[in-house]
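Step one of this worksheet: look at the structure below.
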Amino acid sequence: MKKIFTLAIIILTYVASMQAQTVTIHNNDGTNIVLLASDIYHIDFEPASEVQRIVGSYIGIDSINVGKQSPYKTASTNAYEITANSDSSINITMPEEHFDNTVMGNLVVGTYTIKNIEWDSTQQAFVRNYGNDGITFHYKSSTIDKDYTFDKPICQIIIKNNGDGTITITNTYQMGNMPFPIYSTIHASSTIDE
C-alpha cells in the first residue's frame with residue numbers, strides 16, 4: 001500500500017512540475033474538484049475517521065421495551081439520518097415512529113434531532129447523555145396528544161457502526177411523568193448500495 005501512495009506522490013510531483021497541468025479529483029457524489037498541479041504542496045492519505053464511516057441514511061425498525069416489560073416494534077421501517085459536525089461529533093435525526101396495538105392504543109413518537117454525539121473510544125461508539133439538551137418531540141396515544149421534552153438523566157443514545165453497512169442505535173429515554181423508561185434498540189442498514 002505504501003508503494004502505491006509513494007508512486008502516486010511521485011507522479012503528482014512530476015505533474016506539479018508541469019505548470020499547465022491540472023489535477024481532477026472525482027468525488028463519489030459525481031462532483032469534481034479541479035486544481036492546478038502547481039498549487040499542490042503535498043497530499044496526505046489518511047484513514048477514514050469514525051465520523052466519515054458512519055455518516056449517512058439508514059433504514060430500520062425500532063424495537064422498544066417499556067420498563068423491560070412490554071415489547072413493541074415500529075409498524076414499518078423508518079429512515080434515520082446521521083450528519084457530521086466540524087468538531088468530529090455527529091447528529092442523528094430520529095423519524096416519526098408509529099407503534100400499533102400497544103396497551104395505550106396506537107402510539108406516535110414525533111421526529112426529533114439529537115446533536116453533538118461524541119465518539120467514545122471506550123465503548124467504540126458515539127455516545128451522548130441528552131437529558132439536559134432541551135429536546136422536544138410530539139407524542140400521541142389514545143389519550144394523549146401533546147409535546148414533551150426529554151429531561152430525565154436516563155436519556156442516553158449510543159450509536160455503533162457494525163462495520164458491515166449497518167448500525168445499532170441504543171436509545172434509552174423517559175418522558176413526562178411516565179413511571180418507566182423506554183429502552184429502544186434499532187438495527188438499521190445503509191440506504192446506499194455498496
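Values below: all heavy atoms of this structure, side chains included; hydrogens, waters and symmetry mates excluded.
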Would you check if Phe137 and Met175 make a side-chain contact, meaning some heavy-atom pair closer than 4.5 Å? yes
Are His98 and Asn106 close enough that some pair of their side-chain heavy atoms sits under 4.5 Å apart? no
Salt bridge (charged side-chain N to carboxylate O under 4.0 Å, His left out) partners for Asp133, two or more places apart: Arg128
Give a yes-or-no answer on whether the side chains of Thr136 and Asp147 include a donor-acceptor pair shorter than 3.5 Å. no
Determine whether the side chains of Ser89 and Glu118 contain a donor N or O and an acceptor N or O closer than 3.5 Å. no
Who are the side-chain contact (heavy atoms from CB on, under 4.5 Å) partners of Val34, not counting sequence neighbours? Thr22, Thr24
hydrophobic_cluster_shared for Ile61 and Ile159, side chain cutoff 4.5 Å: no
For residues Ile158 and Ile117: do they belong to one hydrophobic cluster (side chain heavy atoms under 4.5 Å, members Ile, Leu, Val, Met, Phe, Trp, Tyr)? no
Against Pro181, only a single residue in Lys68, Gln174, Lys152 fulfils side-chain contact (heavy atoms from CB on, under 4.5 Å); can you say which? Gln174
Out of Tyr139, Tyr80, Phe150, which residue meets the ring pair (Phe, Tyr, Trp, His ring centres under 6.0 Å) rule with Tyr112? Phe150
Between Asn161 and Arg53, is there a donor-acceptor pair closer than 3.5 Å when you use the side chain of the first and the backbone of the second? yes
Side chain to side chain donor-acceptor pair (under 3.5 Å) with Tyr130: of Asn116, Asp151, Asn171, only one passes, and it is Asn171
I want to know whether Tyr72 and Phe99 have ring centres closer than 6.0 Å. no
Those residues at least two apart in sequence (or on a different chain) that pass side-chain hydrogen bond (donor to acceptor under 3.5 Å, both in side chains) with Thr93 are Thr113
